[in-house]
Student: 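Handing you a structure now.
All values derive from a computational prediction rather than experimental measurement. When a ligand or atom number is given, it counts from 1 through the structure's own listing order.
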Amino acid sequence: MGVTVIVGGAFGDEGKGKVAAYLALADKPEAAVRTGAINAGHTVTYRGRTWKLRTISTAFVCKTTKIFVPPGALTRIDIFLKEVEETETRGRVWIDEKTGIIEERHVRMERENEYLMKVIGSTGQGVGAAMMERVLRVLKLARDFPELKEYVTDTVAKVHEIIDRGGLVLIEGTQGTFLSLYHGTYPYVTSRDVTASGILSEVGIGPKKVTDVVLVFKAYWTRVGAGELPGELPPEEAAKRGWIEYGTVTGRPRRVAPFNVEWAKRAIMLNSPTQIAITKLDALFPDAKGKRRWEDLPVEARKWIEDLENQLKVPITLIGTGEEAEDMVDRRRDVFGPQ
Ligand code: IMP
Ligand code: MG
């Protein structure tokens, strides 16, 4: 029980969406909150169906979980309403009265900004422009739009009511540590602090309430847009290894590199995780595909995880082995059993 925070350890697209969905199915939180904005796309596949979500937490797959969009988040009305439909969460989804609303003009402002689009490689979703207006205190919030009326509430009060009763709250961050406005590879970063502390601030929870911080890494690293990617591989080498990916929101090909232990250690320093999740282990060890028990993983895969754990000095508790939300080795306990 308590508060679990899911945070990206690299450049986004580590598989936070899948980890949030898995933890929702395994731990059945009473509420899930997704921070960040619509520039981030989280993918979840559950029982053969895939959703690509930009504002609603992938934890919605647990049908008893209440879904919140917090005050520090930014969304677009059309995207929010479309995702409520797609996820069939009407009646258990709320948006905070203070959530920032992105409008068409923010998207235009960004797309017309050559520095953002060409140099930084922004996703061009209007998030930075809306953040700018928020800092200038002219941005409109969810409470200003009648079409959101039935969904608007004080999510902070609701979340704390659950925490105080001893319920479990799952918080899903967006992007990754090195895209943080403060701690990332500035200026090649996003427009917010996406580390664990920034995530908490967006939700309105103090650090003492947190029980677990799950730092998510992919077994290999990817980056879209400009900026340093340590150990970047040429595209031909990435293809040979089967590590080709495309952005969820923009469709751009992702740049690729092997796992970087030194940068991972810095991400640990910045986020104080209690646990680490490694996704896509099956990309390194094809025989790991779909496995749900530690003892069913190939010996080399287990060794790779154990070596990494020794170097990082944080328990690796969750290991993703396939697209399905339930394709996860959970070393905390055996939840779904063998496939
Ligand atoms: P912006 O935040 O959309 O302006 O993009 C700034 C930088 O962050 C660009 O390099 C984007 O590719 C990157 N970025 C923003 N959101 C995501 C995400 O969800 N996943 C991966 N990269 C992202
Ligand atoms: Mg993504």
Student: Apply side-chain contact (heavy atoms from CB on, under 4.5 Å) to residues I278 and I276 and explain how you reach the verdict.
Tutor: CA-CA 7 Å; I278 302 286; I276 286 176; 3.9 Å; yes
Student: Anything under 30° is parallel, anything over 60° is perpendicular, the rest tilted; go ahead and classify F11 against F178.
Tutor: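 It falls in the tilted class, 30° to 60°.
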Student: What protein heavy atom lies closest to atom 1 (P) of ligand 1? Include the residue and the distance to one decimal.
Tutor: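 For this ligand atom, the closest protein heavy atom is S122 OG, 3.5 Å.
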Student: Heavy atom under 4.0 Å from ligand 1: found in R252's side chain, backbone, both, or neither?
Tutor: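 For R252, the contact with ligand 1 is made by the side chain alone.
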Student: Are any of the heavy atoms in Q175 under 4.0 Å away from ligand 1?
Tutor: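 It does, in that a heavy atom of Q175 comes within the 4.0 Å cut-off of ligand 1.
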Student: Quick one: look up the protein heavy atom nearest atom 2 (O) of ligand 1 and list residue, atom name and how far away it is.
Tutor: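 Answer, as residue, atom name and distance: T190 OG1, 2.6 Å.
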Student: Determine the sole option in W94, F80, F68, F145 for which the ring pair (Phe, Tyr, Trp, His ring centres under 6.0 Å) test with Y151 is passed.
Tutor: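 Filter result, single survivor: F80.
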Student: Going by the side-chain contact (heavy atoms from CB on, under 4.5 Å) test, name the single residue among L74, L179, I199 that passes it with R192.
Tutor: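 Option passing the side-chain contact (heavy atoms from CB on, under 4.5 Å) with R192: L74.
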Student: Under 4.0 Å between a Lys/Arg side-chain N and an Asp/Glu carboxylate O for D13 and K280?
Tutor: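 Salt bridge absent between D13 and K280.
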Student: Number the atoms of ligand 1 from 1 as they appear, then name those within less than 4.0 Å of a heavy atom of A40, with their elements.
Tutor: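 Heavy-atom distances to A40 below 4.0 Å select 19 (O).
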Student: Relative to W263, does R266 satisfy both conditions: NZ or CZ under 6.0 angstrom from the six-membered ring centre, and within 45 degrees of the ring's axis?
Tutor: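 Cation-pi check for R266 and W263: fails.
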Student: What atoms of ligand 1 come within less than 4.0 Å of a heavy atom belonging to D13?
Tutor: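 Near D13, meaning under 4.0 Å from one of its heavy atoms, ligand 1 has 20 (N), 21 (C).
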Student: Hey, do the aromatic rings of F259 and F217 have their centres closer than 6.0 Å?
Tutor: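 Centroid distance F259-F217: below 6.0 Å, so yes.
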Student: Check the surroundings of atom NZ in K303: do more than 12 heavy atoms from other residues, nucleotides or ligands lie under 6.0 Å from it?
Tutor: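 No, because the 6.0 Å sphere around NZ of K303 holds 12 heavy atoms or fewer from other groups.
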Student: Work out how many protein N, O or S atoms lie closer to the Mg ion (ligand 2) than 2.8 Å.
Tutor: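 For the Mg ion (ligand 2), the figure is 2.
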Student: Please check if the distance between the ring centroids of F60 and W51 is under 6.0 Å.
Tutor: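 Yes.
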Student: Membership question, hydrophobic clusters at under 4.5 Å side-chain separation (ILVMFWY): are L270 and L181 in the same one?
Tutor: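 No: no chain of side-chain contacts under 4.5 Å links L181 to L270.
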Student: Can you list the ligand 1 atoms lying under 4.0 Å from a non-hydrogen atom of V224?
Tutor: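 Checking each atom against V224, I get 10 (O), 12 (O), 21 (C), 22 (N).
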Student: Of all the atoms in ligand 1, which lie at a distance below 4.0 Å from a heavy atom belonging to G121?
Tutor: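 Every atom of ligand 1 under 4.0 Å from some heavy atom of G121: 9 (C), 10 (O), 11 (C), 12 (O).
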Student: Going by the order shown, which atoms of ligand 1 are within less than 4.0 Å of some heavy atom of F11?
Tutor: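 Counting from 1, the qualifying ligand atoms are 21 (C), 22 (N).
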Student: So which of L179, V189, L116, N39 gets nearest to atom 6 (C) of ligand 1, if we judge by its closest heavy atom?
Tutor: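 Answer by nearest heavy atom: V189.
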Student: Answer yes or no: are there more than 12 heavy-atom neighbours, outside Q275 itself, under 6.0 Å from its atom CD?
Tutor: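 Buried by this count: over 12 neighbours within 6.0 Å.
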Student: Nearest to atom 3 (O) of ligand 1, what protein heavy atom do you find, and at what distance?
Tutor: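 Answer for atom 3 (O) of ligand 1: T123 OG1, 2.5 Å.
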